[in-house]
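To keep things clear, I will list the structure first and then write my remarks on it.
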Amino acid sequence: MEWFNRSEADWLHLDVMDGVFVPNISFGFPVLEHVARLTDKPLDVHLMIVQPEKFISQVRDLGAAVMNVHQEACVHLHRTVQQIHEAGMKAAVTLNPATPISTLEDIIGDLDVVMLMTVNPGFGAQKFIEHSLDKVRRLREMINRTGAHALIEVDGGVNRRTAPLLAQAGVDVYVAGSALFGKEDPVAEVHELKCIIDNA
Ligand code: ZN
């Protein structure tokens, strides 16, 4: 966490997996609480879990800035988004690679962030799904056409090659995992990625 706090990263994105919605298990709230205390950067808590609405108050108590739920995991998405806002957090809704952006057409104006999975959720270090670029473009078009203000975030396979392509397609927020972790100088890598994005 020491290098992360020194870096130019704007948010800390945390993946919560339950072994049901996705095949893997990451960590639960006790670990999240510990991690949340180690940084002053805004937390973007990505819940890859079923029934994420059950955990709104727990995510709020972490001090999270953004609560990120999957469209596929929410039967009553509009209500869940309202509850996230009532709890004082920004509402982010994530789409899996196979979920069309048209499912958000009637709620896009209520969202602060739309996140597109650019790999299948549940594991790190996966290959970027190239079709995602077209999906980003179509989402950008929907946001512009409806006058919505949602930021476009992408999660999965962000690196020096894909970041400029994503930037040109209209992405605002980039989640980087494998591109940073294990790098000799991750602080420099964050800087490099941000320069690449700014110049795309
Ligand atoms: Zn994530």
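Side chains are part of it too, since the values below use all heavy atoms of this structure and drop only hydrogens, waters and symmetry mates. Every number for a ligand or one of its atoms is a count from 1 in the order of the listing.
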**OP:** Ignoring hydrogens and angles, state whether a donor on the side chain of Asp110 or His85 is under 3.5 Å from an acceptor on the partner side chain.
**Re:**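 No.
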**OP:** State, without any angle test, whether His13 and Asp44 hold a side-chain donor-acceptor pair at a distance under 3.5 Å.
**Re:**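 Result is yes, a qualifying pair exists.
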Subject >> Check: Ala91 main-chain N/O paired with Asp112 side-chain donor or acceptor under 3.5 Å >> reply: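 Yes.
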Which is the closest N/O/S atom of [X] when seen from the Zn ion (ligand 1)?
X: His13; value: NE2
X: Asp155; value: OD2
X: His46; value: ND1
X: Asp15; value: OD1

Original post:
Are any of the side-chain heavy atoms of Glu153 and Asn68 separated by less than 4.5 Å?
Top reply: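 Yes - at least one pair of side-chain heavy atoms lies under 4.5 Å apart.
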